[in-house]
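Report on one structure; see the data block that follows.
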Protein chains: 2
Amino acid sequence: MNKRKSLIRTDTKHSIMDAAEYMFARNGYKGTSLRAITGRAGVNLAAVNYHFGSKKVLLEAVLLRRIQPLNLERRRRFEEIRDNARKLRKKPEAELILKAFIEPVFYFGESDPGSKDFITLIGRAIVDPDDTVRKVFHKFMRSIFELLFKMMSEALPGLSRDVIFWRLHFTIGAMAHAMRICSPDMKELAHSGTATDTSAVIEHLIRFVSKGMKARR
Amino acid sequence: MNKRKSLIRTDTKHSIMDAAEYMFARNGYKGTSLRAITGRAGVNLAAVNYHFGSKKVLLEAVLLRRIQPLNLERRRRFEEIRDNARKLRKKPEAELILKAFIEPVFYFGESDPGSKDFITLIGRAIVDPDDTVRKVFHKFMRSIFELLFKMMSEALPGLSRDVIFWRLHFTIGAMAHAMRICSPDMKELAHSGTATDTSAVIEHLIRFVSKGMKARR
DNA sequence: GTCTATAGATTGATAGAC
DNA sequence: GTCTATCAATCTATAGAC
């Protein structure tokens, strides 16, 4: 009985985060009220401030829950690429690096059935005009971008810092846009009959950005 | 004297649009209040509803003012490319099409000194989570995208509809992200010493996306 | 056309009973 | 931990004097 009770308790916090993720992904941070979140979660309005303290802290929690394991997986794959390259005494391959950066975003969204909103959420967070979102997101993303930049510099030593910087940002922009189009409320954009299944999109995307990344001057 | 007076009058409407453009670009549609706009414009709060009727109509006016001449220029350049290709009895070139689509966005922002915010505004509008913005923007953009799609299908007949669809959206995503990074409040992102002048960015971008666009299967 | 004043709705956050 | 009730601030939009 006690066990059941505590289960229900932690469920409140989780319900709020799930509902917030859903709403933030669709309507953005500013466009989502705490009432919309608690309404969808089926909990009391005051519960947000009890469990999180403020809307901003809730946003941080929602983002961190997804970004932390995501970036862990990216780091793991970066290490793997580096190790393999060292073993073969070759440079790491640009395409593998891009795959390591891109694929986890899409696959994390697939694996957890309750979090299809994850892809949209991240896709939106990258570009949300709100100051709070941008600062929180960049705080979590800066170090993985630095690492990506470093890896790519090793893979393509012929390119200048500027070129690598811009091409990586083009990659991020293309990825974020693809993530938003994959979201349920954006299918309107897709032509009738266009394939929007995740694995196909990933394949198209990686082909596109690795060609662009490796272009000669 | 009458002349001067009427000049001041139309200035009110323009001031509001300029201020709105500035604020929408920086804080998004939801994140910008009418008070912030009229405050910056130095006009009365009620003036917005007198001149435009609502916040939504103001947004439409602000977007339309820029998008209309922008898409006119794009169409003009598309025609030019088609004509030249017909004369030479060749297919239109993918890279030229991409240039015709991308360059005007950046150059329109440069030419009008009072509208550096233009680039940021468009870059944000593409991805704004707000329903109002998305619907207004897509209403204005659908036909030019259809045309772009058609031109590119002619240029690259070997690619399937799906592939062209996705690659064009990757292009738009990369472009929009580049436009946001070029905005004043995002320079924080750029590494110290990274070139963010417009013409260099355009060059990098076009090189990147045309390589990706033309990739073989 | 421009102003003041305000209606009417919604927001994030909190106090206090249970 | 969860609830009701509410505060204080902010928002869009409008009515009416000038």
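Note on naming: letters A, B, ... go to the chains in the order of the sequence lines (proteins, then strands), and numbering restarts at 1 for each one.
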Between B/E103 and B/E73, is a side chain to side chain contact (heavy atoms under 4.5 Å, CB included) present by the stated rule, with each step listed?
-> CA-CA 10 Å; B/E103 282 181 348; B/E73 170 68 5; over 6 Å; no

Walk me through it: do B/V136 and B/L64 pass the test side chain to side chain contact (heavy atoms under 4.5 Å, CB included)?
-> CA-CA 9 Å; B/V136 169; B/L64 198 57; over 6 Å; no

Tell me whether the centres of the aromatic rings in A/H169 and A/F145 are closer together than 6.0 Å.
->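 Between A/H169 and A/F145, the centre distance is under 6.0 Å.
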
Find the distance [X]:[atom1] to [N]:[atom2] and express it as a whole number of Å.
{"X": "B/N27", "N": "D/dC11", "atom1": "CG", "atom2": "P", "result": "12 Å"}
{"X": "A/I37", "N": "C/dT10", "atom1": "CD1", "atom2": "P", "result": "17 Å"}
{"X": "B/F52", "N": "D/dT14", "atom1": "CZ", "atom2": "P", "result": "15 Å"}
{"X": "B/K13", "N": "C/dT2", "atom1": "NZ", "atom2": "P", "result": "11 Å"}
{"X": "A/D11", "N": "D/dG1", "atom1": "CG", "atom2": "P", "result": "12 Å"}

OP1, OP2 of [N] versus side-chain N and O of [X]: anything below 4.0 Å?
{"X": "B/N44", "N": "C/dT4", "value": "yes"}
{"X": "A/S33", "N": "C/dT10", "value": "no"}
{"X": "B/T12", "N": "C/dG1", "value": "no"}

Could you tell me whether A/K99 and A/E95 make a salt bridge, using a distance below 4.0 angstrom between a side-chain N and a carboxylate O?
->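 Looking at A/K99 and A/E95, the cut-off is not met.
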
Is the closest basic N to carboxylate O distance between A/D18 and A/R65 below 4.0 Å?
->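 Result for this pair is yes, salt bridge flagged.
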
Assess A/R82 against A/F78: is NZ or CZ under 6.0 Å from the centre of the six-membered ring, and within 45 degrees of the ring's axis?
->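 No, A/R82 does not lie over the aromatic ring of A/F78.
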
Looking across every strand, which nucleic acid part, if any, lies under 4.0 Å from A/T32 by heavy atom: base, sugar-phosphate, or nothing?
->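 Sugar-phosphate, no base atom in range.
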
Sugar-phosphate atoms are those with a prime plus P, OP1 and OP2; base atoms are the rest. Using that split, label each nucleotide of nucleotides 13-18 of chain C B, S or - for protein heavy atoms under 4.0 Å, 5' to 3'.
-> BB----

